[in-house]
*Asks:* 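Can you keep this structure in mind? I'll have questions shortly.
Here the structure is a predicted model, which means the values were calculated and not measured. If you read the sequence from its start, that first residue is 1, and numbering goes on from there.
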Amino acid sequence: MNWGIADWAYFVAFVILNLGLWVFIIWFLLQQGKKSDDEPQPPTLQVLKGQDTTQRKVMSPTHKNNVPRHKIDCERCNGYYVERWKGQSIFVGCSNFPKNGCRSTLSIREFIKKIIAKYDVNIYSWDMDCEYCGKSTRVHSYYLLHDLAEFIPFFKQYGDEIGVGDIPALDVLLAKEFLTIRKNRRGYFSNICCHCGEGQKYNQVVTDPHGDIWEPLMSYESLEQFRSKTLEINEPYILNAVVDSIMKKSGIDKI
């Protein structure tokens, strides 16, 4: 086959155009993959080994127009920190990323410290019938994972799993506020019936584990009607103990 100069010119132009098209396609796919990694991932429940979440009822975060009711402001701009995932790793980053390029991030541990420092620890109180004497008694507890789930949706699978008896450093402060919270015969803090003095595992003193608070607790509804006070954590060692317990009991320290 004898090709002239014009034929070769057309052939070279065809090859160059095709190569350019493939280079553009590869570049476009790489950019899409990079964008997918950089953008905030939608919150998903990450179920850890040994954790039963089959009876958990999950509500959407208490946000209005995608702006949280409570938030921790970004240290670099006018945004606020939100949960993000990079592969299997969890952290928090600025809500303004990537639209304004703010790349401010915090570890989960530091984020929890900021939340507690700003909003303190909510204490919830309600009446229940003692399983020993049958009389109504007032019980008190904190539910840190339930409260933190507003900021970190990952915690939605563990809302009731940190209460009185789980964080000794915090329980000591709570016992100073309520005479019916003290160490039981099993060696940990729990609610004690104000009539018969009997207590039962962790924050329970009645046959029904949580009474009136159970439904909103497990549905991630507001517990405002049960909130009786807040505890301010001023000592760094207590704050560190609280955060360590949250990280360990939720399993988030292994992610």
*Asks:* Considering non-hydrogen atoms only, spot the tightest contact between Asn122 and Asp147 and give its length.
*Replies:*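 For Asn122 versus Asp147, the nearest heavy atoms are ND2-OD2, 3.3 Å.
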
*Asks:* Are Tyr81 and Tyr119 joined in one hydrophobic group, where the rule is that I, L, V, M, F, W and Y side chains link up if heavy atoms are under 4.5 Å apart?
*Replies:*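 As far as the 4.5 Å side-chain criterion goes, Tyr119 and Tyr81 are connected within one cluster.
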
*Asks:* Is the closest side-chain heavy-atom distance between Ile246 and Arg109 below 4.5 Å?
*Replies:* no

*Asks:* Do Asp171 and Tyr142 have side chains that approach each other closer than 4.5 Å (heavy atoms only, starting at C-beta)?
*Replies:*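 Contact flag for Asp171/Tyr142 side chains = yes.
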
*Asks:* Please assess Ile162 against His146 for the test side chain to side chain contact (heavy atoms under 4.5 Å, CB included), listing each intermediate value before the final yes or no.
*Replies:* CA-CA 9 Å; Ile162 290 187; His146 175 281; over 6 Å; no

*Asks:* With a 4.5 Å heavy-atom cut-off, do Asp212 and Phe226 have their side chains touching?
*Replies:*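 Contact flag for Asp212/Phe226 side chains = yes.
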
*Asks:* With a 4.5 Å cut-off on side-chain heavy atoms, are Phe97 and Arg84 touching?
*Replies:* yes

*Asks:* Return yes when atom NZ of Lys248 has more than 12 non-hydrogen atoms of other residues, nucleotides or ligands closer than 6.0 Å, and no otherwise.
*Replies:* no

*Asks:* Same cluster or not: Val82 versus Phe91, using hydrophobic residues (I, L, V, M, F, W, Y) connected whenever any side-chain heavy atoms lie under 4.5 Å apart?
*Replies:* no

*Asks:* Classify the ring geometry of Tyr124 against Tyr143: parallel below 30°, tilted from 30° to 60°, perpendicular beyond 60°.
*Replies:* parallel

*Asks:* What's the separation between atom SG in Cys193 and atom CE in Met128, rounded to the nearest 0.5 Å?
*Replies:*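 Output value for this atom pair is 11.5 Å.
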
*Asks:* Taking side chain to side chain donor-acceptor pair (under 3.5 Å) as the test, write out the residues that go with Arg76, two or more places apart.
*Replies:* none

*Asks:* Quick one: pull up OG in Ser104 and CG in Asp73 and give me the separation to the nearest 0.5 Å.
*Replies:*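 Here the interatomic distance stands at 11.0 Å.
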
*Asks:* Is the side chain of His140 donor-acceptor paired with the backbone N or O of Ala175 at a distance under 3.5 Å, no angle test?
*Replies:* no

*Asks:* Looking at CG of Leu239 and CD1 of Ile116, how far apart are the two atoms once the value is rounded to the nearest 0.5 Å?
*Replies:* 5.5 Å

*Asks:* I need the Arg103 CZ to Thr105 OG1 distance, nearest 0.5 Å.
*Replies:* 10.0 Å

*Asks:* Ignoring hydrogens, what is the shortest heavy-atom contact between Ser141 and Val164? Give both atom names and the distance.
*Replies:* OG-N, 3.2 Å

*Asks:* Closest approach of Asn100 and Cys77, non-hydrogen atoms and distance?
*Replies:* ND2-SG, 4.0 Å

*Asks:* Determine whether more than 12 heavy atoms belonging to other residues, nucleotides or ligands lie under 6.0 Å from atom NZ of Lys183.
*Replies:* no

*Asks:* Where is the tightest heavy-atom contact between Ile72 and Lys114, given as atom of each residue plus distance?
*Replies:*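 What the structure gives for the nearest pair is CD1-O, 3.9 Å.
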
*Asks:* Please examine the side chains of Lys229 and Phe178, heavy atoms only from C-beta on, and report whether any two atoms are closer than 4.5 Å.
*Replies:* yes

*Asks:* Atom CG of Asn191 and atom OG1 of Thr180: how far apart are they, to the nearest 0.5 Å?
*Replies:*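 Here the rounded value is 5.5 Å.
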
*Asks:* For residues Ile123 and Glu177, determine if any side-chain heavy atom of one lies less than 4.5 Å from a side-chain heavy atom of the other.
*Replies:* no

*Asks:* Run through Leu179, Val172, Leu174 and flag the one making a side chain to side chain contact (heavy atoms under 4.5 Å, CB included) with Lys176.
*Replies:* Val172

*Asks:* Evaluate the side-chain proximity of Leu170 to Leu144: yes if any heavy-atom separation is below 4.5 Å, no if none is.
*Replies:*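 A side-chain contact exists here, since the closest heavy-atom pair is under 4.5 Å.
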
*Asks:* Do the side chain of Lys135 and the main chain of Cys194 share a donor and acceptor less than 3.5 angstrom apart?
*Replies:*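 Side chain of Lys135 to backbone of Cys194: no pair is present.
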
*Asks:* Closest approach of Ile192 and Gly197, non-hydrogen atoms and distance?
*Replies:*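 Closest heavy-atom pair between Ile192 and Gly197: CG2-O, 3.0 Å.
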
*Asks:* Looking at every non-hydrogen atom in both residues, tell me the closest pair between Tyr188 and Gly165 and how far apart they are.
*Replies:* CB-O, 4.3 Å

*Asks:* How long is the straight-line distance from CD1 of Ile115 back to CG of Leu148, given to the nearest 0.5 Å?
*Replies:*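 If we round to the nearest 0.5 Å, Leu148:CG and Ile115:CD1 are 5.0 Å apart.
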
*Asks:* Taking side chain as C-beta onward, heavy atoms only, is Val139 less than 4.5 Å from Ile213?
*Replies:*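 No. Closest side-chain heavy atoms not under 4.5 Å.
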
